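A short worksheet on the structure shown next.
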Amino acid sequence: MTVRTRFAPSPTGFLHIGGARTALYCWLESRRRGGEFILRIEDTDRERSTDAAVQAILDAMHWLDLDADEGPFYQTQRLARYKQVADELVAAGKAYYAYESKEEIEAMREAAMAKGEKPRYNGYYRDRNEPGFHEARREDPNRVIRFRNPSEGSVVFDDKVKGRIEWANSELDDLVIFRSDGWPTYNFAVVVDDIDMGITEVIRGDDHVNNTPRQINIYHALGAKVPEFAHLPMILDKEGKKLSKRTNSVSVMEYRADGFLPHAILNYLVRLGWSHGDQEIFSREEMIALFDIADVNKAASRFDTEKLAWLNQHYLKTDDPQSLAAEFEWHLQRAGIDTSHGPAPVDVIVALRDRVHTLKEMAERAKIWYAPIAEWDDKAVAKHLKNDSAVAVLDAAKSLLAGCEWQPEPIHQVIGQVAAKLELGMGKIAQPLRVAMTGTQVSPSIEYTIYLAGRDEALKRIDAAIAIARG
RNA sequence: GCUCCCUUCGUCUAGUGGCCCAGGACACUGCCCUCUCAAGGCGGGAACACGAGUUCGAGUCUCGUAGGGAGCACCA
């Protein structure tokens, strides 16, 4: 049978890091096994679901290039189907109507808690089936449908990540599967969907482990084949706490804005809770070939932005600069840089990729080549421009640069000639020029820094620096 | 409270009874390279939560303890 996995977020916010990893694992597992990956939007909570969130999730999935074979499906469009299945369960005596108000249920829970018991529904309407009983209550505003959970025995399943898990049915109560507002609840809708969509592997966050036994009972009641389950451990923040937007970037698209590459994020995520020996770097093809959901670790892990940054720089350094150009230009624009003049973004990438961890940083540092020097670093000026050899260096460089072929290598030759002529070390040559080009003491190699400025602008900046040096 | 789950360097992890006085990576750090900053090369410190047991032998198996997490909704 074809392997089919699904990612089923509820659109109550953007796609966060944990969700992205779940989506990645679902996607990888289906890809490796030649199966299909389905996207489903779980929007039955009409209070909290928004169209903007749906769009944000779709955008993030697209940016990560986690393409779905089917979907997105929307649960709100499947209401009739849920109703039909629920009615069948009621007709078969596997579910029943109940009429407690929310207040009554709340009181029931509190009473149970007070006695030190697990809060459970008491099954008051479970066997009320005398003739006419339910017809008389057809219009009761509190009417819900509850699933008749088996009261004996236990549910056992082999979780692909956690291993064998056994649950006593006596721990489970008769959960609501249809609310009084006419919408299905999560535990019911997922099961109906996963059956209808032919899902064979349910891969999801570990906060769902506790729901699984209930869902398995519903599968049984529906006479459906129970899929495989794999529950992924949580991703915690640096302090080992739950990820929260107050203290961390949690949205995938926030990471984009911070200058991370989609592949770096995917590579980081695939290694968080999974490994293949000592390998750290995985191409998409390698991930697909090597990933196995059964090898995922059981314990929660912490999100380490520094390691992500290292991976990001790795891809900045090793990817074809041309393939990075579009994303980099997006960042240049966000940084308010006018790229109609100035160096080709690809050249800037080559100059800066060894020196920054993110594209955002790169865009910041690129400003010096797209706009005049905004401010001079006093220390740099004092140290490298206001000294006895600076004017001579600048002068000599200026005249040689004026007629030199405008490529990094010839420019490098020119610098060497200046050094030879003035009998000065490279430090005495490069630093004044660097300050002239950037106003600071830090930049890529001097020939590249000059090259990126362009001949006209470079000569102009040298003139300005000479003026400053002369005081 | 109840049920379920988890525990190897600061962090991500390798490890499926002897190859482990525990390997790799990030971070930190020393040296080298060097026109600045990086990048790179070569080094360094740093962990099996604790206690019993099984075994000739335990990070690896069993049981307990401690610590952590999740869930217990007409939310997903």
Side-chain angles (χ1 to χ4, degrees), chain A residues 8-12 42-45 47-49 75 98 100-102 105-106 109 112-121 142-146 159 161-163 165-168 170-173 175-187 189-190 204-213 231 233-234 236 238 240 242 268 271-281 297-311 313 317 352-357 365 380 384 415 419 425-435 438 440-447 449:
Chain A
S10 64
T12 54
E42 308 216 325
D43 54 356
T44 51
D45 183 349
E47 302 278 301
R48 298 195 300 151
S49 299
Q75 290 191 322
E100 285 88 357
S101 67
K102 288 177 189 176
I105 296 295
E106 187 54 33
R109 296 183 68 242
M113 289 284 253
K115 278 196 287 179
E117 286 166 9
K118 200 166 167 171
R120 301 171 73 244
Y121 175 63
N142 290 322
R143 189 175 84 152
V144 297
I145 299 176
R146 283 183 182 270
D159 191 281
V161 172
K162 305 265 177 196
I165 294 176
E166 180 166 1
W167 218 284
S170 56
E171 291 295 328
L172 272 23
D173 64 357
L175 71 156
V176 170
I177 59 174
F178 242 86
R179 299 187 227 147
S180 53
D181 67 2
W183 285 86
T185 59
Y186 165 75
N187 277 304
V190 240
R204 77 230 304 192
D206 132 337
D207 47 334
H208 290 291
V209 184
N210 302 276
N211 290 322
T212 306
H231 288 96
M234 299 200 75
L236 276 11
K238 189 141 201 183
K242 211 167 171 170
Y268 180 72
R271 276 288 283 105
L272 202 58
W274 174 85
S275 64
H276 179 71
D278 289 340
Q279 189 169 345
E280 296 287 350
I281 305 298
N297 291 157
K298 297 175 175 187
S301 43
R302 303 184 188 199
F303 193 90
D304 180 8
T305 314
E306 288 183 331
K307 187 157 184 182
L308 205 213
W310 172 76
L311 274 166
Q313 188 186 42
K317 286 189 302 191
L352 290 173
R353 59 184 178 172
D354 285 344
R355 294 171 167 78
V356 297
H357 288 96
R365 297 247 235 141
H384 299 293
I415 308 287
M426 277 301 279
K428 288 283 184 195
I429 306 295
Q431 285 306 79
L433 281 166
R434 193 176 328 265
V435 177
T438 67
T440 72
Q441 304 185 65
V442 175
S443 84
S445 70
I446 190 60
E447 67 268 23
T449 301

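Given the structure is predicted, the values throughout are model-derived calculations rather than measurements. So that the names make sense, note that chain A is the first sequence line, chain B the second, and so on, each numbered from 1.
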* To do: May I ask you to say what V144(A) touches in the nucleic acid, namely base, sugar-phosphate or nothing, with a heavy-atom cut-off under 4.0 Å?
  => base

* L433(A) CG to rC37(B) P, straight-line distance once rounded to whole Å -> 17 Å

* Which part of the nucleic acid, if any, lies within reach of Q441(A) when heavy atoms closer than 4.0 Å are counted: base, sugar-phosphate only, or nothing? -> base

* Would you please confirm or rule out a distance under 4.0 Å between OP1 or OP2 of rA73(B) and any side-chain N or O of R109(A)? => yes

* rU60(B) versus rG18(B) - spacing of their P atoms, nearest Å -> 12 Å

* Once you round it to whole Å, what is the distance between C1' of rU34(B) and CD1 of I429(A)? -> 16 Å

* To do: Would you mind classifying the nucleic acid contact of P9(A) as base, sugar-phosphate or nothing, using non-hydrogen atoms under 4.0 angstrom?
  => nothing

* To do: Check whether any side-chain N or O of R302(A) sits under 4.0 Å from OP1 or OP2 of rG68(B), and answer yes or no.
  => no

* Choose from rU3(B), rA76(B), rA39(B) the nucleotide whose nearest atom is closest to any side-chain atom of Q313(A). => rA39(B)

* Taking OP1 and OP2 of rC74(B), is either one under 4.0 Å from a side-chain nitrogen or oxygen of S180(A)? -> no

* Should K317(A) be listed as having a side-chain N or O under 4.0 Å from OP1 or OP2 of rG40(B)? -> yes

* **Whole-angstrom distance between rG71(B) and rA76(B), as gauged at atom P** => 14 Å

* Asked: Taking any strand in view, what nucleotide pairs with rA49(B) in a Watson-Crick or G-U wobble way, both distances under 3.5 Å?
  -> rU65(B)

* Asked: Which residue, K102(A) or R355(A), contacts RNA chain B at a nucleotide closer to its 5' end, judged by nearest heavy atom?
  -> R355(A)

* Asked: If you measure from the C1' atom in rC21(B) to the same atom in rG59(B), how many Å do you get, rounded?
  -> 13 Å

* Does Q279(A) get its side chain close enough to the base of rG24(B), under 3.5 Å, for a donor-acceptor pair? -> no

* Touch check for K298(A), heavy atoms < 4.0 angstrom, all strands: base, sugar-phosphate only, or nothing? -> sugar-phosphate

* Give the rounded distance in Å between these two atoms: CG of N211(A) and C1' of rC5(B). => 14 Å

* To do: Would you please confirm or rule out a distance under 4.0 Å between OP1 or OP2 of rA14(B) and any side-chain N or O of N297(A)?
  => yes

* Would you state whether a donor and an acceptor, one from the side chain of D207(A) and one from the base of rG71(B), lie under 3.5 Å apart? => no

* Structure fact -> In whole angstroms, the gap separating C1' of rC75(B) from CG of N210(A) amounts to 15 Å

* To do: Determine whether any donor atom in the side chain of E447(A) lies under 3.5 Å from an acceptor atom in the base of rC35(B), or the reverse, and answer yes or no.
  => yes

* **Sugar-phosphate only, base, or nothing, as touched by G273(A) at under 4.0 Å among non-hydrogen atoms** => sugar-phosphate

* To do: Supply the atom-to-atom distance Q75(A) CD to D45(A) CG, rounded to the nearest 0.5 angstrom.
  => 11.0 Å

* **Minimum-distance nucleotide to R271(A) side chain [options: rC35(B), rG24(B), rA70(B)]** => rG24(B)

* Asked: NA contact type, E306(A), heavy-atom cut-off 4.0 Å: base, sugar-phosphate, or nothing?
  -> sugar-phosphate

* Between rC26(B) atom P and H357(A) atom NE2, what is the distance in whole Å? -> 11 Å

* Asked: Would you say R146(A) reaches rC74(B)'s phosphate, i.e. side-chain N/O to OP1/OP2 under 4.0 Å?
  -> yes

* Are K307(A) and rC12(B) close enough that a side-chain N or O sits under 4.0 Å from OP1 or OP2? -> no

* **Any donor-acceptor N/O pair, Q313(A) side chain to V356(A) backbone, under 3.5 Å** => yes

* **d(CG, D159(A); P, rC4(B)) in whole Å** => 15 Å

* With a non-hydrogen cut-off below 4.0 angstrom, is H208(A) in contact with a base, only sugar-phosphate, or nothing? -> base

* Asked: If we call it a pair only when both distances are under 3.5 Å in a Watson-Crick or G-U wobble match, what pairs with rC56(B)?
  -> rG18(B)

* Asked: Can you tell which of K298(A), R204(A), H208(A) makes a side chain to side chain donor-acceptor pair (under 3.5 Å) with H231(A)?
  -> R204(A)

* To do: Would you classify S275(A) as touching base, sugar-phosphate or nothing, given that sugar-phosphate means primed atoms plus P, OP1 and OP2, and contacts are heavy atoms under 4.0 Å?
  => sugar-phosphate

* To do: Output the distance between atom CG (L433(A)) and atom CD (Q431(A)), rounded to the nearest 0.5 Å.
  => 9.5 Å

* Structure fact -> Those residues at least two apart in sequence (or on a different chain) that pass salt bridge (Lys or Arg N to Asp or Glu O under 4.0 Å) with E166(A) are R164(A)

* Asked: What nucleic acid atoms does T12(A) come within less than 4.0 Å of, heavy atoms only: base, sugar-phosphate, or nothing?
  -> nothing

* Structure fact -> Mate of rC2(B) across any strand shown (Watson-Crick or G-U wobble, both atom pairs under 3.5 Å) is rG71(B)

* Structure fact -> In whole angstroms, the gap separating P of rA73(B) from CZ of F178(A) amounts to 20 Å

* Is there a side-chain polar atom (N or O) of T185(A) under 4.0 Å from OP1 or OP2 of rC75(B)? -> no

Could you go over nucleotides 42-44 of chain B and give all protein N or O partners under 3.5 Å, atom names and distances?
none

* To do: Grab the CG-P distance between L175(A) and rG71(B) for me, whole Å please.
  => 17 Å

